There are 4 protein chains.
Amino acid sequence: MTAHGVGIRVDHTAHIPPYEQIRAQIAELIAVGRLVRGDRLPSVRQLAADLGLANNTVVRAYRELESAGLVRSRRGSGTEVVAPASAFDAGARLAEQADAYAAAVRRLGASNEEALAAVRHALAVSEGG
Amino acid sequence: MTAHGVGIRVDHTAHIPPYEQIRAQIAELIAVGRLVRGDRLPSVRQLAADLGLANNTVVRAYRELESAGLVRSRRGSGTEVVAPASAFDAGARLAEQADAYAAAVRRLGASNEEALAAVRHALAVSEGG
Amino acid sequence: MTAHGVGIRVDHTAHIPPYEQIRAQIAELIAVGRLVRGDRLPSVRQLAADLGLANNTVVRAYRELESAGLVRSRRGSGTEVVAPASAFDAGARLAEQADAYAAAVRRLGASNEEALAAVRHALAVSEGG
Amino acid sequence: MTAHGVGIRVDHTAHIPPYEQIRAQIAELIAVGRLVRGDRLPSVRQLAADLGLANNTVVRAYRELESAGLVRSRRGSGTEVVAPASAFDAGARLAEQADAYAAAVRRLGASNEEALAAVRHALAVSEGG
DNA sequence: GTGGTCTAGACCACG
DNA sequence: GTGGTCTAGACCACA
């Protein structure tokens with residue numbers, strides 16, 4: 001499997017730089033096991049073209065993934081995943097997201113019931129996506 | 001009530017610019033009703049000092065809030081909230097957060113049950129905070 | 001005659017500081033002869049109250065008029081006009097305004113005919129004011 | 001056509017802040033159709049250097065034009081006009097200037113005849129410029 | 001004391 | 001090269 005087609009997106013309205021959005025999404029794909037050791041990432045040019053970005057932007061994302069030890073770029077053969085998914089704890093990552101949501105709930109002053117209802121609804125909707 | 005002490009924070013590791021973090025947090029405090037019409041924001045210099053930022057950074061955050069019609073700054077007499085909390089739809093904001101959480105759940109490949117359990121736990125923990 | 005009631009205004013949306021707006025308007029009233037040698041300006045407190053400004057703002061306007069030799073403040077007796085209208089050349093001031101208008105016409109790319117028609121209309125309308 | 005060389009000026013004696021002078025002049029150039037959709041503004045650094053200002057001052061002018069929907073800035077590729085001239089009503093703008101002139105005429109106590117003669121003269125002189 | 005603007009220069013993200 | 005943000009400190013206008 002390659003990362004091509006796994007749905008990497010960049011949001012130009014966010015204040016987070018595109019290179020970082022790419023990096024984080026690929027890191028997560030690896031964390032979750034959707035990209036495993038040996039999988040090849042899309043080529044820099046390919047991904048840049050798909051996202052409407054300059055090559056350098058993708059190059060930088062890949063470079064940071066490499067220096068984090070998640071992927072390895074070899075000349076002539078592209079970039080491939082070297083870290084096992086087990087390097088991450090998916091449960092911990094889910095807990096992280098849940099914590100962020102709980103914090104938002106508190107800021108907004110919503111009750112636990114409202115918070116859970118909102119999640120149930122969002123999950124139901126996202127099921128189709 | 002004044003905004004002094006309501007706990008505005010800036011995260012220097014985030015890729016979001018400080019002025020935008022400040023703007024968003026104050027907007028949310030107003031949205032949620034923790035800051036209401038007539039409340040005064042901390043002075044530019046005060047907040048800048050508290051957050052370890054240059055005055056200009058806070059000035060910019062306040063300016064953007066002003067051009068969004070949320071606050072009003074007057075020379076010599078500070079900056080105060082002019083928008084009622086009702087200018088916002090708290091339900092919509094909660095739904096937004098829930099959607100973001102659901103999206104993360106999907107990326108992480110967790111089940112709905114796991115997702116809800118994680119939220120219940122996070123809410124329980126955050127109750128004390 | 002006093003300046004009280006001659007219609008001094010400040011525009012808070014303009015980028016020109018209030019003290020300067022006041023100074024310019026009084027200078028013009030003198031230039032045109034609507035305020036003549038011996039006339040008293042409204043008191044600082046009076047004018048400040050009328051305009052919704054701090055006393056200091058009016059004080060500054062008067063100070064600048066004084067250092068321009070147009071008025072004189074004496075303790076106990078307020079501020080009065082000392083310059084004769086003849087210190088100014090009303091014709092030159094009209095020409096200045098006309099030049100400014102002509103420049104705007106050029107910037108806007110309007111024809112001389114359009115420009116004159118617009119002035120005729122504006123003059124007709126202002127006749128009633 | 002580019003804005004380079006269209007003659008943006010800042011008047012340091014005016015009480016209007018430079019960023020606002022720049023903003024207003026560019027807005028007017030667009031309004032009048034001298035800058036049209038797709039035209040590129042001079043680069044921030046170029047214009048700042050031409051005008052003897054700090055980069056930030058120009059950045060702010062451009063930012064305000066962008067949030068008004070008149071131009072669009074993109075990292076790496078400059079700032080370009082996105083609003084059509086038709087977004088403005090040139091007639092209204094001429095009328096505005098004429099009104100300002102008429103107001104000055106009234107303040108100066110000049111007659112309509114004098115006022116029109118002054119405009120005719122100013123227009124004749126400005127014809128060459 | 002308050003907010004507003006500007007400078008000079010730094011570093012970052014992007015093409 | 002482009003624009004975007006921040007700093008540190010200055011001066012101004014205003015209450």
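Everything numeric in this text was worked out from a predicted model, so none of it was measured. Numbers restart at 1 for each chain; the letters A, B, ... are given by sequence-line order, proteins then strands. Below, each value reflects all heavy atoms present in this structure, side chains not excepted, and no hydrogens, waters or symmetry copies.
In this structure, the OH atom of B/Y19 is 18 Å from the C1' atom of E/dG4, given to the nearest Å. Regarding B/E20, its CD atom lies at a distance of 17 Å from the C1' atom of E/dA13, rounded to whole Å. To the nearest angstrom, P of E/dG3 lies 17 Å from CD of B/E64. Here the P atom of nucleotide E/dG3 and the NE2 atom of C/H12 are 18 Å apart, to the nearest Å. When rounded to the nearest whole Å, the span between CG of A/N55 and C1' of E/dA13 equals 15 Å. One interatomic measurement links the two molecules: CD1 of D/I16 to P of E/dC6, which rounds to 12 Å at whole-angstrom precision. Straight-line distance from the CD atom of D/E80 to the P atom of F/dG3: 12 Å, rounded to whole Å. Rounded to an integer number of Å, the gap from B/L53 CG to F/dG9 P is 15 Å.
Nucleotides of DNA chain E nearest to B/H15 and B/R63 differ in position, and the one nearer the 5' end is that of B/R63. Sequence order on DNA chain F of the closest nucleotides to D/E66 and C/A54 puts D/E66 first from the 5' end.
With hydrogens and angles left out, the side chain of B/R45 and the base of E/dG1 share no donor-acceptor pair within 3.5 Å.
No donor-acceptor distance shorter than 3.5 angstrom exists from the side chain of C/R40 to the backbone of C/T79, with no hydrogens or angles considered. At distances below 3.5 Å, not a single donor-acceptor pair connects side-chain atoms of B/Q97 with backbone N or O atoms of A/A104.
Close to F/dA13, at under 4.0 Å from its OP1 or OP2, lies no side-chain N or O of C/T57.
When all heavy atoms are compared, the tightest approach of C/V82 to C/G69 is CG2-O, 3.3 Å. The two residues C/I8 and C/L51 have their closest heavy-atom pair at O-CD2, 3.5 Å. The minimum heavy-atom distance between A/E66 and A/S73, with the atom names listed, is OE2-N, 3.2 Å.
Near DNA chain F, meaning a heavy atom under 4.0 Å from it, residues 71-79 of chain B has B/R75, B/G76 in order of number.
Among the heavy atoms of the strands lying under 4.0 Å from D/R60 are primed sugar atoms or P, OP1, OP2 only; no base atom is included. Among the heavy atoms of the strands lying under 4.0 Å from D/N56 is at least one base atom, whether or not backbone atoms are also near.
Qualifying salt bridge (Lys or Arg N to Asp or Glu O under 4.0 Å) partners for C/R74, counting only residues two or more places apart in sequence or in other chains: C/E80. Applying the side-chain hydrogen bond (donor to acceptor under 3.5 Å, both in side chains) criterion to A/R106, with sequence neighbours excluded, gives A/N112, B/S126.
The side-chain hydrogen bond (donor to acceptor under 3.5 Å, both in side chains) contacts involving residues 51-64 of chain B comprise B/Y19-B/R60, B/R60-B/E64, where partners must be two or more places apart or lie in separate chains.
Taking a pair as Watson-Crick or G-U wobble with both distances under 3.5 Å, DNA chain E forms stems of 3 or more consecutive pairs at E:1-14 with F:1-14.
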Cut-off 3.5 Å, no hydrogens considered: what does the side-chain donor-acceptor table look like for residues 23-31 of chain D, sequence neighbours left out?
from, atom 1, to, atom 2, distance (Å)
D/R23, NE, D/E20, OE1, 2.9
D/R23, NH2, D/E20, OE2, 2.8
D/Q25, OE1, D/R9, N, 2.9
D/Q25, NE2, D/R9, O, 2.4
D/Q25, NE2, D/Q21, O, 3.4
D/E28, OE1, D/R93, NH2, 3.0
D/E28, OE2, C/R107, NE, 2.4
D/E28, OE2, C/R107, NH2, 3.4

